[in-house]
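Reviewing the structure listed below.
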Amino acid sequence: MDKFRMMFQFLQSNQESFMNGICGIMALASAQLYSAFEFSCPCIPEYNYAYGIGLLVTPPIWFFLLGFVLNNNVSMLAEEWKRPTGKRVKDPTILRYMFVSITQRSLIAPMVWISVTLMDGKSFLCAFSVNLDIHQFGNSTLIDGMTEVEIVKLLAKIPCKNIFNQPEVISREAASRYIKCISQAFGWVFLLLMTLAAFMIRAIRPCFTQAAFLKTKYWSHYVDIERKLFDETCKEHAKTFAKVCIQQYFESISGDMRSFHKHRSSKDDSDDDDDDKKKSDEDKLLGIRDQDDMNKVLWNWHTCKPPLALRKEQLDGESHEGLIPNGDVHGVSGGPNGYANGHAPDLPKREWAAYYSKV
Amino acid sequence: MDRLKLVLQYFQSNSESISNGICIVLALISVKLYTSFDFNCPCIPQYNKLYALGVMFVPPLIFFFLGILVNRHTGVMMDEWLRPIGKRSKNPAIVKYMFSAMMQRALLAPMVWILVTLLDGKIFICAFSMSVDPKPFSGMPNNTGLDLIKLMAKVPCKEDMIFRNSTFRKAVSRYVRCYSQAIGWSILLFFILLGALGRLIKPCFDDHATNLQTRYWSNYLDIEQKLFDETCVLHCRDFARKCVVQFFEGMREDAVLRLPLSPEVRYRGEEDMVDEEEERLHGITKQEQMDQLLQTWFQCKPELDVTRMAYRPRVCVTWEDHNGQTLYSDV
């Protein structure tokens, strides 16, 4: 458990290493899937080739698509591609970079499958046993006595140990060894080509466009982080929005002209601590103190949800009313919010500065 | 668990250790790959040698290129080699040092593969069983109707019918394997001697002080590259945060300046709390505003300029008495 947690933490430390982790896990899954899969060649001339090649080619395509599906950056790429230009210029090199990096990661699991399949040799044997040159492995005298169809049927049975019933005509082991050896040769050549290709891309690339590459890397990383931060900010905003909306709803039902800031005159300052505690309990009640009010709150929450429009705080309106008798404050006309009692702000954007006098 | 952590920490302590660690991991992978690889000699005269030598030399090539690829220093070296001079002069000794270090590390896994194949012997038997002169060995089956070459080519294949329980086959295999192991051990001894001699004699020919300098500066280049990448990432994060907040605030309908009243008529604690809430709302308080915001985020992404946010002006308040005389001012 501890080991998992450590590995998890390490992998999540940044997005790139997380994607590399997923990529590695898929490669291991692909190798494991191959070893767990029970390969059973049909040993029938018409179906051998389809089965063998199908098994060689279809799972890699599936893993490739799965790699795209599991990669978060795909939706980011699509979004960046499709957005209107607006105030921010679109840079095609960033799109290319993102696409290339997503593709590179998705190609690893298919490659692992193909190499493991070729090294193992079973699917090659199944697919190509009928194409064998029978005279190389068989007893010529016996072979000449057989018809074309019989020969093909016999060759098709080579991959299946249990049903191959004519060892005197062809040596099954020699033939399967031969085909397996060709399959392994293909496998190694395939691996070598892939490695060379990767080498060309990574080691030789700095010879061209290094400065442009740094720029592209930075901005594609930026797009990813910006998207995440935007989601986080929206979530925070939604939480706060919901909280304030609900508070205002309770308040509107209770009818109290409450302020969230307990507003007392100066003589209560000495009891600050107790006041704080009582204040927070009072606050939490949000003005609902009896059964009827609470029932009304619950009923209306379903039948008549409040609009999605927060009123501005009524603090200054209230303090306005609270203080004026003392004559302490003037020049507060309109206050910093410009409105009391929560009228929706239809005013155009303007900046306020208020001068308060403190006597 | 603790031991693993210690080992990981040791290897991550500096980038040279990381490279060494990766190099060792590749060597271990090469051994594991050899043991799990199902070696399948074709036992056919034309193909034996080709297959066997292919299996002996192609995987080392693959491991060599892989070794260069996974090494971080490759990128650093290529950068240093290809960069324009600019304000920093180039020192070819550093590039040479990094190149030789990278080569040495990349050559370890291929050498391990070749040594393991030689010491195991299967590949040698497959490749050279046909070159063995069968006369010294007794028990050669002579009723198979196959010519000599074809017969000898079948020696590596145990399961073949003509060689079932044959002492001849076992004797020939043992003979070839013994050659293979001798070559393997000699190569190992040769490389160890070479390494030892190099270590002992190099100080006589090298300028130690220059060596220290070269090592220092190549290490410096590597660390500088890492720190640059990290700084870019951190900067990216801050830039994105400011850009998003600026975007939210830009969608506000009015600018509200919350100005404090005279201090004793309010409780600062909750004021701060509400301030925080208002802060997190960034002035977006209606559904239409939010919808408009989300739509604009897609339709018209904001420009990449956070100068306004980074240098946000502070609101200054001036307190005046009823005569207009300034009592206190933030200005």
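Each chain gets a letter, A, B and so on, in the order its sequence line appears, and its residues count up from 1.
In this structure, chain A has heavy atoms under 4.5 Å from both the backbone and the side chain of I62(B). For a residue to count as touching a neighbouring chain, one of its non-hydrogen atoms must lie under 4.5 Å from one of that chain's; by this rule L66(B) touches chain A with backbone and side chain alike. For chain B, the nearby parts of C234(A) are the backbone and the side chain; heavy atoms of each come within less than 4.5 Å. Residue F65(B) touches chain A through both its backbone and its side chain, counting heavy-atom pairs closer than 4.5 Å. At a 4.5 Å heavy-atom cutoff, the contact between L196(A) and chain B is made by side-chain atoms alone. For F137(A), the part sitting under 4.5 Å from any heavy atom of chain B is the side chain, from C-beta outward, and nothing else. For F239(B), the parts lying near chain A are the backbone and the side chain together; criterion is any non-hydrogen pair under 4.5 Å.
E232(A) has a carboxylate O that lies under 4.0 Å from a charged side-chain N of R241(B), or vice versa, which qualifies the two as a salt bridge.
When each of K217(A), H237(A), K239(A), E226(A) is checked for heavy-atom pairs under 4.5 Å with chain B, H237(A) comes out on top. Per-residue counts of heavy-atom pairs under 4.5 Å with chain B were compared for E236(A), R83(A), Q184(A), M119(A); the largest is that of Q184(A). Ranked by heavy-atom pairs shorter than 4.5 Å toward chain A, the options F247(B), F228(B), F248(B), W81(B) are led by F248(B). Among V189(A), L192(A), V89(A), I182(A), the residue making the largest number of heavy-atom pairs under 4.5 Å with chain B is L192(A).
Note on ring orientation: taking the six-membered ring where Trp is involved, the planes of Y218(A) and Y222(A) are parallel (angle under 30°, cut-offs 30° and 60°).
Aromatic pair F37(B)/W113(B): centroids not less than 6.0 angstrom apart. In summary, the aromatic rings of F39(B) and Y51(B) are positioned with their centroids under 6.0 Å apart.
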Q: With side chain to side chain contact (heavy atoms under 4.5 Å, CB included) as the test, would you mind laying out the steps for R177(A) and C43(B) before giving the verdict?
A: CA-CA 8 Å; R177(A) 255 201 316 264; C43(B) 293; 4.0 Å; yes
Q: Run the numbers on I68(B) and F64(B) for side chain to side chain contact (heavy atoms under 4.5 Å, CB included), then give the verdict.
A: CA-CA 6 Å; I68(B) 296 185; F64(B) 176 69; 3.7 Å; yes
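Counting heavy-atom neighbours within 6.0 Å of Q325(B) CD, excluding the residue itself, gives a total of 12 or less. Enclosure of atom NZ in K122(B) by more than 12 non-hydrogen atoms of other residues, nucleotides or ligands within 6.0 angstrom is indicated.
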